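Every chain is numbered from 1, with letters handed out A, B, ... down the list of sequences. Source: prediction; values computed, not measured.
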Number of protein chains: 2
Amino acid sequence: MSITVLVVEDEPAIQDLISFNLKKSGLTPICASNAEQATVMINNVLPDLVLLDWMLPNMSGLEFARQLRRNTRTQVIPIIMLTARIELEDKVSGLEAGADDYITKPFSPRELTARIKAVLRRRIPEISDEVIEAGGLKIDPATHRILAYADDSCSKYTEIKLGPTEFRLLHFLMAHKERVYTRTQLLDRIWGDHVFIEDRTVDVHIRRLRKVLEKVQKDNLVQTVRGTGYRFSSESAVHSEE
Amino acid sequence: MSITVLVVEDEPAIQDLISFNLKKSGLTPICASNAEQATVMINNVLPDLVLLDWMLPNMSGLEFARQLRRNTRTQVIPIIMLTARIELEDKVSGLEAGADDYITKPFSPRELTARIKAVLRRRIPEISDEVIEAGGLKIDPATHRILAYADDSCSKYTEIKLGPTEFRLLHFLMAHKERVYTRTQLLDRIWGDHVFIEDRTVDVHIRRLRKVLEKVQKDNLVQTVRGTGYRFSSESAVHSEE
DNA sequence: AATTTGATGACAGTTTTGTGACACATCAGG
DNA sequence: CCTGATGTGTCACAAAACTGTCATCAAATT
(Lines give C-alpha, C1' and ligand atoms only; values in the text may rest on other atoms or scores of the structure.)
Protein backbone atom coordinates (compact mmCIF):
# COMPACT_ATOMS: atom_id res chain seq x y z
CA MET A 1 0.00 0.00 0.00
CA SER A 2 1.61 3.22 -1.05
CA ILE A 3 0.83 6.37 0.83
CA THR A 4 0.47 9.40 -1.42
CA VAL A 5 1.30 12.87 -0.23
CA LEU A 6 0.16 15.88 -2.17
CA VAL A 7 2.84 18.54 -2.00
CA VAL A 8 1.62 22.04 -2.77
CA GLU A 9 4.63 24.29 -3.07
CA ASP A 10 5.45 26.93 -5.65
CA GLU A 11 9.21 26.95 -5.38
CA PRO A 12 10.55 24.17 -7.62
CA ALA A 13 13.71 23.71 -5.57
CA ILE A 14 11.84 23.07 -2.37
CA GLN A 15 9.33 20.94 -4.21
CA ASP A 16 12.13 18.73 -5.46
CA LEU A 17 13.76 18.56 -2.08
CA ILE A 18 10.58 17.49 -0.39
CA SER A 19 9.70 15.10 -3.16
CA PHE A 20 13.08 13.45 -2.90
CA ASN A 21 12.85 13.02 0.83
CA LEU A 22 9.35 11.64 0.74
CA LYS A 23 10.34 9.05 -1.83
CA LYS A 24 13.33 8.09 0.24
CA SER A 25 11.09 7.29 3.16
CA GLY A 26 8.71 5.20 1.12
CA LEU A 27 5.96 7.71 0.47
CA THR A 28 4.62 8.65 -2.94
CA PRO A 29 4.68 12.40 -3.55
CA ILE A 30 2.51 14.14 -6.11
CA CYS A 31 3.31 17.78 -6.64
CA ALA A 32 1.38 20.90 -7.45
CA SER A 33 2.74 24.44 -7.61
CA ASN A 34 -0.47 26.24 -6.87
CA ALA A 35 -3.89 25.79 -5.43
CA GLU A 36 -5.62 25.44 -8.80
CA GLN A 37 -3.34 22.64 -9.88
CA ALA A 38 -3.72 21.00 -6.50
CA THR A 39 -7.48 21.13 -6.75
CA VAL A 40 -7.40 19.34 -10.08
CA MET A 41 -5.05 16.69 -8.75
CA ILE A 42 -7.23 16.08 -5.75
CA ASN A 43 -10.10 15.42 -8.08
CA ASN A 44 -8.12 12.65 -9.70
CA VAL A 45 -6.52 10.99 -6.74
CA LEU A 46 -7.38 11.51 -3.13
CA PRO A 47 -4.07 11.82 -1.31
CA ASP A 48 -3.52 10.47 2.17
CA LEU A 49 -2.05 13.73 3.35
CA VAL A 50 -1.46 17.26 2.09
CA LEU A 51 1.77 19.18 2.61
CA LEU A 52 0.84 22.77 2.05
CA ASP A 53 2.98 25.82 1.68
CA TRP A 54 1.62 28.78 3.53
CA MET A 55 2.47 31.25 0.78
CA LEU A 56 1.13 30.41 -2.62
CA PRO A 57 0.46 32.44 -5.75
CA ASN A 58 -3.16 33.50 -6.21
CA MET A 59 -4.77 31.62 -3.39
CA SER A 60 -3.05 31.40 -0.04
CA GLY A 61 -2.38 28.06 1.55
CA LEU A 62 -4.74 29.04 4.28
CA GLU A 63 -7.55 29.53 1.81
CA PHE A 64 -6.80 26.23 0.15
CA ALA A 65 -6.87 24.47 3.49
CA ARG A 66 -10.26 25.98 4.22
CA GLN A 67 -11.48 24.80 0.86
CA LEU A 68 -10.36 21.26 1.62
CA ARG A 69 -12.09 21.34 4.94
CA ARG A 70 -15.28 22.60 3.42
CA ASN A 71 -15.56 19.67 1.04
CA THR A 72 -16.87 16.42 2.43
CA ARG A 73 -14.64 14.34 0.30
CA THR A 74 -11.48 16.06 1.42
CA GLN A 75 -12.55 16.99 4.89
CA VAL A 76 -10.66 14.31 6.71
CA ILE A 77 -7.40 14.51 4.83
CA PRO A 78 -4.69 15.61 7.25
CA ILE A 79 -2.93 18.84 6.37
CA ILE A 80 0.54 19.91 7.36
CA MET A 81 1.43 23.52 6.75
CA LEU A 82 4.85 24.70 5.69
CA THR A 83 5.69 28.14 6.95
CA ALA A 84 8.74 30.34 7.10
CA ARG A 85 9.79 31.19 10.59
CA ILE A 86 8.95 34.84 10.10
CA GLU A 87 5.42 34.02 9.10
CA LEU A 88 5.02 32.08 12.27
CA GLU A 89 4.80 35.30 14.19
CA ASP A 90 1.79 36.11 12.16
CA LYS A 91 -1.17 36.22 14.41
CA VAL A 92 -3.35 34.11 12.23
CA SER A 93 -2.63 30.51 12.79
CA GLY A 94 -2.69 27.74 10.27
CA LEU A 95 -4.11 25.54 12.94
CA GLU A 96 -7.15 27.74 12.86
CA ALA A 97 -7.85 26.72 9.31
CA GLY A 98 -7.80 23.15 10.43
CA ALA A 99 -4.22 22.15 9.71
CA ASP A 100 -3.12 19.19 11.76
CA ASP A 101 0.37 20.40 12.24
CA TYR A 102 2.83 22.82 10.79
CA ILE A 103 6.49 22.85 10.10
CA THR A 104 8.66 25.92 9.98
CA LYS A 105 11.22 26.29 7.25
CA PRO A 106 14.00 25.42 7.19
CA PHE A 107 13.33 21.90 8.34
CA SER A 108 15.36 18.73 8.39
CA PRO A 109 14.29 15.81 6.21
CA ARG A 110 13.96 13.74 9.33
CA GLU A 111 11.61 16.23 10.92
CA LEU A 112 9.54 16.30 7.79
CA THR A 113 8.98 12.57 7.58
CA ALA A 114 8.63 12.22 11.31
CA ARG A 115 5.81 14.75 11.39
CA ILE A 116 4.11 13.20 8.42
CA LYS A 117 4.22 9.81 10.02
CA ALA A 118 3.04 11.23 13.32
CA VAL A 119 0.03 12.83 11.70
CA LEU A 120 -0.83 9.74 9.70
CA ARG A 121 -0.45 7.61 12.78
CA ARG A 122 -2.99 9.68 14.63
CA ARG A 123 -5.47 9.36 11.82
CA ILE A 124 -5.31 5.65 11.39
CA PRO A 125 -7.57 4.03 13.94
CA GLU A 126 -6.14 1.42 16.20
CA ILE A 127 -6.43 -2.12 15.09
CA SER A 128 -9.25 -3.80 16.90
CA ASP A 129 -7.85 -4.99 20.16
CA GLU A 130 -10.85 -6.74 21.50
CA VAL A 131 -10.34 -9.92 23.41
CA ILE A 132 -11.60 -12.93 21.52
CA GLU A 133 -12.42 -16.15 23.27
CA ALA A 134 -13.34 -19.45 21.69
CA GLY A 135 -12.87 -23.12 22.30
CA GLY A 136 -11.00 -22.57 25.51
CA LEU A 137 -8.59 -20.15 23.93
CA LYS A 138 -8.42 -16.48 24.74
CA ILE A 139 -6.45 -14.06 22.60
CA ASP A 140 -5.86 -10.52 23.75
CA PRO A 141 -4.32 -8.24 21.14
CA ALA A 142 -3.81 -5.38 23.58
CA THR A 143 -1.53 -7.36 25.86
CA HIS A 144 -0.49 -9.64 23.03
CA ARG A 145 -1.20 -12.67 25.07
CA ILE A 146 -2.86 -15.99 24.48
CA LEU A 147 -4.26 -18.08 27.27
CA ALA A 148 -5.38 -21.66 27.00
CA TYR A 149 -7.80 -23.01 29.51
CA ALA A 150 -7.35 -26.60 30.51
CA ASP A 151 -11.08 -27.27 30.80
CA ASP A 152 -14.36 -25.45 30.80
CA SER A 153 -13.97 -24.50 34.42
CA CYS A 154 -11.73 -21.65 33.38
CA SER A 155 -9.78 -22.08 36.52
CA LYS A 156 -6.47 -23.22 35.21
CA TYR A 157 -4.76 -21.71 32.24
CA THR A 158 -1.47 -21.69 30.48
CA GLU A 159 0.07 -18.89 28.56
CA ILE A 160 1.01 -19.62 24.99
CA LYS A 161 3.85 -18.00 23.18
CA LEU A 162 3.64 -17.46 19.43
CA GLY A 163 5.79 -15.76 16.85
CA PRO A 164 4.41 -12.63 15.17
CA THR A 165 3.02 -14.37 12.10
CA GLU A 166 1.44 -17.23 14.00
CA PHE A 167 -0.07 -14.70 16.35
CA ARG A 168 -1.69 -12.79 13.52
CA LEU A 169 -2.78 -15.99 11.89
CA LEU A 170 -4.49 -17.26 15.00
CA HIS A 171 -5.99 -13.85 15.66
CA PHE A 172 -7.43 -13.68 12.19
CA LEU A 173 -8.82 -17.19 12.29
CA MET A 174 -10.34 -16.66 15.70
CA ALA A 175 -11.86 -13.36 14.62
CA HIS A 176 -13.53 -15.21 11.76
CA LYS A 177 -14.14 -18.54 13.33
CA GLU A 178 -16.08 -21.31 11.65
CA ARG A 179 -15.26 -19.81 8.31
CA VAL A 180 -12.95 -21.41 5.79
CA TYR A 181 -10.21 -19.40 4.13
CA THR A 182 -8.10 -20.40 1.21
CA ARG A 183 -4.37 -20.02 1.46
CA THR A 184 -4.51 -17.10 -0.93
CA GLN A 185 -7.14 -15.35 1.13
CA LEU A 186 -5.09 -15.83 4.25
CA LEU A 187 -2.02 -14.44 2.53
CA ASP A 188 -4.00 -11.41 1.38
CA ARG A 189 -5.56 -10.74 4.73
CA ILE A 190 -2.70 -11.52 7.05
CA TRP A 191 0.42 -10.89 5.06
CA GLY A 192 -1.06 -8.15 2.90
CA ASP A 193 -2.24 -8.38 -0.67
CA HIS A 194 0.96 -7.14 -2.20
CA VAL A 195 3.34 -9.78 -0.98
CA PHE A 196 4.66 -12.42 -3.28
CA ILE A 197 4.77 -15.57 -1.26
CA GLU A 198 4.15 -19.21 -2.05
CA ASP A 199 0.72 -20.44 -1.11
CA ARG A 200 2.20 -23.45 0.56
CA THR A 201 3.98 -21.23 3.04
CA VAL A 202 0.66 -20.93 4.78
CA ASP A 203 0.79 -24.65 5.45
CA VAL A 204 4.03 -24.23 7.27
CA HIS A 205 2.66 -21.49 9.49
CA ILE A 206 -0.45 -23.51 10.20
CA ARG A 207 1.87 -26.32 11.14
CA ARG A 208 3.84 -24.09 13.48
CA LEU A 209 0.67 -22.80 15.03
CA ARG A 210 -0.66 -26.30 15.58
CA LYS A 211 2.60 -27.44 17.06
CA VAL A 212 2.31 -24.86 19.79
CA LEU A 213 -1.37 -25.56 20.33
CA GLU A 214 -0.61 -29.27 20.66
CA LYS A 215 1.09 -28.54 23.94
CA VAL A 216 -2.24 -27.55 25.42
CA GLN A 217 -4.35 -30.00 23.40
CA LYS A 218 -5.93 -27.25 21.38
CA ASP A 219 -4.52 -28.12 17.99
CA ASN A 220 -7.84 -29.59 16.93
CA LEU A 221 -9.26 -26.09 16.77
CA VAL A 222 -7.32 -25.31 13.63
CA GLN A 223 -8.81 -27.55 11.01
CA THR A 224 -7.93 -28.42 7.46
CA VAL A 225 -10.66 -28.32 4.85
CA ARG A 226 -9.29 -30.45 2.14
CA GLY A 227 -9.33 -28.84 -1.28
CA THR A 228 -10.12 -25.46 0.18
CA GLY A 229 -8.07 -24.18 3.06
CA TYR A 230 -8.20 -23.77 6.81
CA ARG A 231 -10.68 -22.91 9.48
CA PHE A 232 -10.78 -22.21 13.19
CA SER A 233 -13.65 -24.05 14.76
CA SER A 234 -14.60 -24.58 18.35
CA GLU A 235 -17.56 -26.75 17.45
CA SER A 236 -17.04 -30.39 18.06
CA ALA A 237 -15.09 -31.27 15.03
CA VAL A 238 -15.76 -34.94 15.08
CA HIS A 239 -15.80 -35.90 11.47
CA SER A 240 -17.85 -38.96 10.88
CA GLU A 241 -16.08 -41.49 8.76
CA GLU A 242 -17.66 -43.07 5.72
CA MET B 1 7.58 13.74 35.76
CA SER B 2 6.51 17.24 35.16
CA ILE B 3 2.94 17.91 34.22
CA THR B 4 2.60 21.02 32.12
CA VAL B 5 -0.47 23.16 32.28
CA LEU B 6 -1.07 25.81 29.68
CA VAL B 7 -2.66 28.82 31.30
CA VAL B 8 -4.50 31.12 28.92
CA GLU B 9 -5.43 34.25 30.82
CA ASP B 10 -5.16 37.88 29.84
CA GLU B 11 -5.04 39.48 33.24
CA PRO B 12 -1.42 39.39 34.43
CA ALA B 13 -2.38 39.39 38.10
CA ILE B 14 -4.53 36.31 37.81
CA GLN B 15 -1.99 34.70 35.56
CA ASP B 16 0.66 35.15 38.21
CA LEU B 17 -1.61 33.92 40.93
CA ILE B 18 -2.48 30.76 39.07
CA SER B 19 1.05 30.21 37.97
CA PHE B 20 2.27 30.48 41.53
CA ASN B 21 -0.27 28.02 42.82
CA LEU B 22 0.37 25.50 40.11
CA LYS B 23 4.07 25.57 40.79
CA LYS B 24 3.43 25.10 44.47
CA SER B 25 1.55 21.93 43.78
CA GLY B 26 4.20 20.50 41.54
CA LEU B 27 2.80 21.37 38.15
CA THR B 28 4.62 23.25 35.43
CA PRO B 29 2.67 26.23 34.16
CA ILE B 30 3.23 27.84 30.79
CA CYS B 31 1.37 31.05 30.24
CA ALA B 32 -0.24 32.80 27.33
CA SER B 33 -2.30 35.96 27.44
CA ASN B 34 -4.31 35.34 24.31
CA ALA B 35 -5.42 32.63 21.95
CA GLU B 36 -2.80 33.39 19.30
CA GLN B 37 0.05 33.09 21.75
CA ALA B 38 -1.46 29.93 23.13
CA THR B 39 -1.69 28.41 19.68
CA VAL B 40 1.98 28.98 19.04
CA MET B 41 2.91 27.50 22.41
CA ILE B 42 0.83 24.44 21.81
CA ASN B 43 2.66 23.82 18.62
CA ASN B 44 5.90 23.69 20.54
CA VAL B 45 4.92 21.67 23.52
CA LEU B 46 1.77 19.69 23.97
CA PRO B 47 0.54 20.53 27.45
CA ASP B 48 -1.16 17.95 29.62
CA LEU B 49 -4.02 20.29 30.38
CA VAL B 50 -5.30 23.70 29.40
CA LEU B 51 -6.64 26.23 31.87
CA LEU B 52 -8.64 28.61 29.81
CA ASP B 53 -10.15 31.93 30.67
CA TRP B 54 -13.59 32.38 29.28
CA MET B 55 -13.06 35.98 28.29
CA LEU B 56 -10.10 36.66 26.10
CA PRO B 57 -9.13 39.49 23.77
CA ASN B 58 -9.79 38.81 20.07
CA MET B 59 -10.85 35.21 20.24
CA SER B 60 -13.04 34.02 23.02
CA GLY B 61 -12.01 31.13 25.20
CA LEU B 62 -14.91 29.22 23.81
CA GLU B 63 -13.67 29.64 20.27
CA PHE B 64 -10.19 28.60 21.31
CA ALA B 65 -11.53 25.49 22.95
CA ARG B 66 -13.36 24.59 19.78
CA GLN B 67 -10.18 25.06 17.85
CA LEU B 68 -8.36 22.67 20.14
CA ARG B 69 -11.06 20.09 19.77
CA ARG B 70 -11.04 20.38 16.03
CA ASN B 71 -7.39 19.50 15.75
CA THR B 72 -6.40 15.89 16.03
CA ARG B 73 -3.26 16.59 17.92
CA THR B 74 -4.90 18.62 20.61
CA GLN B 75 -8.20 16.85 20.62
CA VAL B 76 -7.70 14.88 23.78
CA ILE B 77 -6.11 17.57 25.94
CA PRO B 78 -8.37 18.23 28.91
CA ILE B 79 -9.66 21.77 29.17
CA ILE B 80 -10.75 23.56 32.31
CA MET B 81 -12.58 26.82 31.83
CA LEU B 82 -12.21 29.78 34.14
CA THR B 83 -15.35 31.88 34.37
CA ALA B 84 -16.60 34.71 36.51
CA ARG B 85 -19.61 33.88 38.58
CA ILE B 86 -21.80 36.12 36.50
CA GLU B 87 -20.87 34.26 33.37
CA LEU B 88 -21.87 31.05 35.04
CA GLU B 89 -25.01 30.80 32.99
CA ASP B 90 -22.79 30.17 30.04
CA LYS B 91 -21.54 27.07 31.66
CA VAL B 92 -23.61 24.98 29.37
CA SER B 93 -21.98 26.30 26.25
CA GLY B 94 -18.56 25.91 27.81
CA LEU B 95 -19.11 22.26 28.38
CA GLU B 96 -20.59 22.06 24.95
CA ALA B 97 -17.38 23.30 23.45
CA GLY B 98 -15.68 20.35 25.02
CA ALA B 99 -14.42 21.69 28.30
CA ASP B 100 -13.90 18.98 30.87
CA ASP B 101 -14.67 21.13 33.86
CA TYR B 102 -14.99 24.73 34.82
CA ILE B 103 -14.06 26.83 37.80
CA THR B 104 -15.79 30.02 38.78
CA LYS B 105 -13.76 33.00 39.88
CA PRO B 106 -12.90 33.70 42.56
CA PHE B 107 -11.54 30.31 43.42
CA SER B 108 -9.33 28.98 46.14
CA PRO B 109 -5.93 27.59 45.25
CA ARG B 110 -6.98 24.34 46.75
CA GLU B 111 -10.01 24.10 44.55
CA LEU B 112 -7.92 24.88 41.53
CA THR B 113 -5.38 22.12 42.03
CA ALA B 114 -7.98 19.66 43.21
CA ARG B 115 -9.96 20.08 40.00
CA ILE B 116 -6.88 19.88 37.87
CA LYS B 117 -5.79 16.67 39.48
CA ALA B 118 -9.27 15.25 39.23
CA VAL B 119 -9.43 15.94 35.53
CA LEU B 120 -5.97 14.57 34.91
CA ARG B 121 -6.72 11.44 36.86
CA ARG B 122 -9.87 10.88 34.89
CA ARG B 123 -8.11 11.38 31.60
CA ILE B 124 -4.80 9.70 31.71
CA PRO B 125 -3.61 7.57 34.55
CA GLU B 126 0.06 7.94 33.75
CA ILE B 127 0.29 11.64 34.35
CA SER B 128 -1.37 11.60 37.69
CA ASP B 129 1.00 11.30 40.58
CA GLU B 130 -0.57 8.37 42.30
CA VAL B 131 1.58 5.61 43.65
CA ILE B 132 1.53 2.55 41.45
CA GLU B 133 2.49 -0.85 42.71
CA ALA B 134 2.95 -3.99 40.69
CA GLY B 135 5.07 -7.06 40.66
CA GLY B 136 6.93 -6.08 43.81
CA LEU B 137 7.76 -2.66 42.50
CA LYS B 138 6.37 0.55 43.88
CA ILE B 139 6.75 3.80 42.01
CA ASP B 140 5.82 7.11 43.57
CA PRO B 141 5.76 9.94 41.08
CA ALA B 142 5.23 12.54 43.77
CA THR B 143 8.43 11.75 45.62
CA HIS B 144 10.10 10.43 42.51
CA ARG B 145 11.01 7.23 44.24
CA ILE B 146 11.01 3.59 43.31
CA LEU B 147 11.06 0.80 45.83
CA ALA B 148 11.66 -2.85 45.08
CA TYR B 149 10.43 -5.45 47.47
CA ALA B 150 12.53 -8.53 47.84
CA ASP B 151 9.57 -10.86 48.32
CA ASP B 152 5.84 -10.81 48.84
CA SER B 153 6.24 -10.15 52.52
CA CYS B 154 6.83 -6.49 51.80
CA SER B 155 9.18 -6.36 54.70
CA LYS B 156 12.44 -5.76 52.97
CA TYR B 157 12.88 -3.28 50.19
CA THR B 158 15.55 -1.53 48.24
CA GLU B 159 15.38 1.88 46.72
CA ILE B 160 16.11 2.10 43.05
CA LYS B 161 17.63 5.05 41.29
CA LEU B 162 16.77 5.81 37.68
CA GLY B 163 17.58 8.55 35.23
CA PRO B 164 14.73 10.85 34.18
CA THR B 165 13.88 9.06 30.96
CA GLU B 166 14.03 5.61 32.49
CA PHE B 167 11.84 6.86 35.29
CA ARG B 168 9.18 8.09 32.91
CA LEU B 169 9.44 4.95 30.87
CA LEU B 170 8.92 2.72 33.85
CA HIS B 171 6.15 4.92 35.14
CA PHE B 172 4.32 4.81 31.86
CA LEU B 173 4.68 1.08 31.46
CA MET B 174 3.55 0.47 35.02
CA ALA B 175 0.57 2.79 34.59
CA HIS B 176 -0.46 0.67 31.63
CA LYS B 177 0.75 -2.67 32.73
CA GLU B 178 0.10 -5.77 30.68
CA ARG B 179 -0.42 -3.70 27.60
CA VAL B 180 2.00 -3.83 24.72
CA TYR B 181 3.31 -0.61 23.22
CA THR B 182 5.23 -0.20 20.03
CA ARG B 183 8.39 1.82 20.10
CA THR B 184 6.64 4.60 18.22
CA GLN B 185 3.79 4.70 20.68
CA LEU B 186 6.23 4.91 23.55
CA LEU B 187 8.05 7.76 21.86
CA ASP B 188 4.79 9.59 21.31
CA ARG B 189 3.57 9.11 24.84
CA ILE B 190 6.76 9.45 26.83
CA TRP B 191 9.01 11.66 24.79
CA GLY B 192 6.16 13.63 23.24
CA ASP B 193 4.90 13.59 19.70
CA HIS B 194 7.01 16.49 18.63
CA VAL B 195 10.38 14.91 19.11
CA PHE B 196 12.14 13.20 16.31
CA ILE B 197 14.05 10.28 17.62
CA GLU B 198 14.99 6.92 16.22
CA ASP B 199 12.68 4.12 17.19
CA ARG B 200 15.59 2.02 18.25
CA THR B 201 16.50 4.54 20.91
CA VAL B 202 13.67 3.05 22.90
CA ASP B 203 15.56 -0.23 22.95
CA VAL B 204 18.49 1.46 24.55
CA HIS B 205 16.39 2.98 27.29
CA ILE B 206 14.66 -0.32 27.87
CA ARG B 207 18.11 -1.81 28.18
CA ARG B 208 19.15 0.82 30.71
CA LEU B 209 15.99 0.30 32.66
CA ARG B 210 16.44 -3.45 32.71
CA LYS B 211 20.03 -3.11 33.77
CA VAL B 212 18.98 -1.30 36.89
CA LEU B 213 16.10 -3.68 37.56
CA GLU B 214 18.46 -6.62 37.26
CA LYS B 215 20.07 -5.57 40.49
CA VAL B 216 16.88 -6.40 42.33
CA GLN B 217 15.83 -9.29 40.10
CA LYS B 218 12.94 -7.38 38.64
CA ASP B 219 14.13 -7.14 35.08
CA ASN B 220 11.74 -9.89 34.04
CA LEU B 221 8.87 -7.45 34.53
CA VAL B 222 9.83 -5.51 31.43
CA GLN B 223 9.15 -7.88 28.61
CA THR B 224 9.83 -7.83 24.90
CA VAL B 225 7.02 -8.72 22.56
CA ARG B 226 8.81 -9.60 19.40
CA GLY B 227 7.47 -7.90 16.33
CA THR B 228 5.50 -5.47 18.41
CA GLY B 229 7.20 -3.72 21.27
CA TYR B 230 7.44 -3.83 25.02
CA ARG B 231 5.23 -4.55 27.96
CA PHE B 232 5.32 -4.35 31.73
CA SER B 233 3.84 -7.46 33.19
CA SER B 234 3.64 -8.72 36.72
CA GLU B 235 1.71 -11.79 35.75
CA SER B 236 3.79 -14.86 35.99
CA ALA B 237 4.72 -15.48 32.42
CA VAL B 238 4.71 -19.22 32.69
CA HIS B 239 6.28 -20.68 29.64
CA SER B 240 5.40 -24.29 29.39
CA GLU B 241 8.58 -26.03 28.46
CA GLU B 242 8.12 -28.58 25.76
C1' DA C 1 -1.91 -47.72 -8.53
C1' DA C 2 -1.59 -43.17 -9.89
C1' DT C 3 -2.55 -38.60 -8.74
C1' DT C 4 -3.60 -34.81 -6.00
C1' DT C 5 -3.39 -32.41 -1.72
C1' DG C 6 -1.71 -31.66 2.89
C1' DA C 7 1.93 -32.42 6.73
C1' DT C 8 6.43 -32.04 8.33
C1' DG C 9 11.39 -31.40 9.22
C1' DA C 10 15.37 -29.07 7.78
C1' DC C 11 17.86 -25.05 6.43
C1' DA C 12 19.64 -20.78 4.92
C1' DG C 13 18.68 -16.09 4.60
C1' DT C 14 16.37 -12.11 6.92
C1' DT C 15 14.63 -9.37 10.25
C1' DT C 16 14.36 -7.94 14.81
C1' DT C 17 16.52 -7.19 19.42
C1' DG C 18 20.24 -6.79 22.66
C1' DT C 19 24.32 -4.39 23.92
C1' DG C 20 28.53 -1.81 24.43
C1' DA C 21 30.78 2.25 22.84
C1' DC C 22 30.84 6.93 21.64
C1' DA C 23 29.95 11.69 20.79
C1' DC C 24 27.34 15.43 22.45
C1' DA C 25 24.80 17.99 25.35
C1' DT C 26 23.75 20.06 29.95
C1' DC C 27 24.83 21.52 34.34
C1' DA C 28 26.74 22.16 38.67
C1' DG C 29 30.64 24.22 41.03
C1' DG C 30 35.33 25.51 40.84
C1' DC D 1 35.94 29.48 31.30
C1' DC D 2 36.94 25.17 32.46
C1' DT D 3 35.78 20.36 34.23
C1' DG D 4 33.95 16.25 35.58
C1' DA D 5 29.44 14.03 36.32
C1' DT D 6 25.45 12.70 34.26
C1' DG D 7 22.20 11.83 30.78
C1' DT D 8 20.85 11.15 25.79
C1' DG D 9 20.54 9.68 21.16
C1' DT D 10 23.00 6.97 17.47
C1' DC D 11 25.56 3.55 15.70
C1' DA D 12 27.66 -0.87 14.66
C1' DC D 13 27.97 -5.42 15.59
C1' DA D 14 26.43 -9.66 17.94
C1' DA D 15 22.79 -12.68 19.21
C1' DA D 16 18.36 -14.42 18.79
C1' DA D 17 14.19 -15.31 16.65
C1' DC D 18 11.53 -15.73 12.66
C1' DT D 19 10.44 -16.73 7.69
C1' DG D 20 9.89 -18.65 3.32
C1' DT D 21 11.10 -22.50 0.46
C1' DC D 22 12.09 -27.20 -0.51
C1' DA D 23 12.23 -32.03 -0.52
C1' DT D 24 10.00 -35.80 1.22
C1' DC D 25 6.51 -38.32 3.35
C1' DA D 26 1.53 -39.35 4.35
C1' DA D 27 -3.22 -39.27 3.35
C1' DA D 28 -7.12 -38.77 0.60
C1' DT D 29 -9.21 -39.10 -4.02
C1' DT D 30 -9.77 -41.02 -8.65
Asker: Could you check how far CG of A:D199 sits from P of C:dA7, rounded to whole Å?
Answerer: 14 Å
Asker: Select from A:F196 and B:T201 the residue whose nearest nucleotide in DNA chain D is closer to the 5' end of that strand.
Answerer: B:T201
Asker: What's the closest nucleotide to the side chain of A:P164 if the choices are D:dT19, D:dT8, D:dG20?
Answerer: D:dT19
Asker: Between A:K211 and C:dG9, is there a contact of a side-chain N or O with OP1 or OP2 at under 4.0 Å?
Answerer: yes
Asker: Do A:R210 and A:T224 get their side chains close enough for a donor-acceptor pair, meaning under 3.5 Å?
Answerer: yes
Asker: Counting only N and O atoms by type, is there a donor-acceptor contact under 3.5 Å from the side chain of B:K218 to the main-chain atoms of B:Y149?
Answerer: yes
Asker: Roughly how many Å is it from CD in A:E214 to C1' in C:dA7, rounded to a whole number?
Answerer: 11 Å
Asker: Rounded off to whole Å, could you give me the CD-to-C1' distance for the A:E198 and D:dA23 pair?
Answerer: 14 Å
Asker: For A:L162 and D:dC18, give me the distance from atom CG to atom C1', rounded to whole Å.
Answerer: 12 Å
Asker: The side chain of A:V204 is closest to which nucleotide in this list: D:dT10, C:dT8, D:dT19?
Answerer: C:dT8
Asker: Rounding to an integer number of Å, can you tell me how far A:L187 CG sits from D:dT21 C1'?
Answerer: 13 Å
Asker: Strictly below 4.0 Å: does A:T165 bring a side-chain N or O up to OP1 or OP2 of D:dT19?
Answerer: yes
Asker: Keeping the roles fixed (side chain from B:R183, backbone from B:D203), state whether a donor-acceptor pair exists under 3.5 Å.
Answerer: no
Asker: When you match B:H205 and A:I197 each to their closest nucleotide on DNA chain D, which lands nearer the 5' end?
Answerer: B:H205
Asker: Taking CD1 from B:I190 and P from D:dG9, how many angstroms apart are they, rounded to a whole number?
Answerer: 11 Å
Asker: When you check every protein heavy atom under 4.0 Å of nucleotides 11-17 of chain C, what one-letter string (B, S, -) results, 5' to 3'?
Answerer: -----BB
Asker: Can you check the A:E166 CD to D:dG20 C1' distance for me, whole Å?
Answerer: 12 Å
Asker: Taking atom OG of A:S234 and atom CG of A:L137, what is their separation to the nearest 0.5 Å?
Answerer: 9.5 Å
Asker: Is it the case that A:T184 and A:D199 place a side-chain donor and acceptor less than 3.5 Å from each other?
Answerer: yes
Asker: State, without any angle test, whether A:T143 and B:E178 hold a side-chain donor-acceptor pair at a distance under 3.5 Å.
Answerer: no
Asker: Can you confirm whether or not the ring centre of A:H144 sits under 6.0 Å from the ring centre of A:F167?
Answerer: yes
Asker: D:dG9, OP1 or OP2 - any side-chain N/O from B:W191 closer than 4.0 Å?
Answerer: yes
Asker: Looking at A:R207, I'd like to know whether one of its side-chain N or O atoms comes within less than 4.0 Å of OP1 or OP2 on C:dT8.
Answerer: yes
Asker: Rounded to the nearest Å, what distance is computed from the CD atom of residue A:Q223 to the C1' atom of nucleotide C:dG6?
Answerer: 15 Å
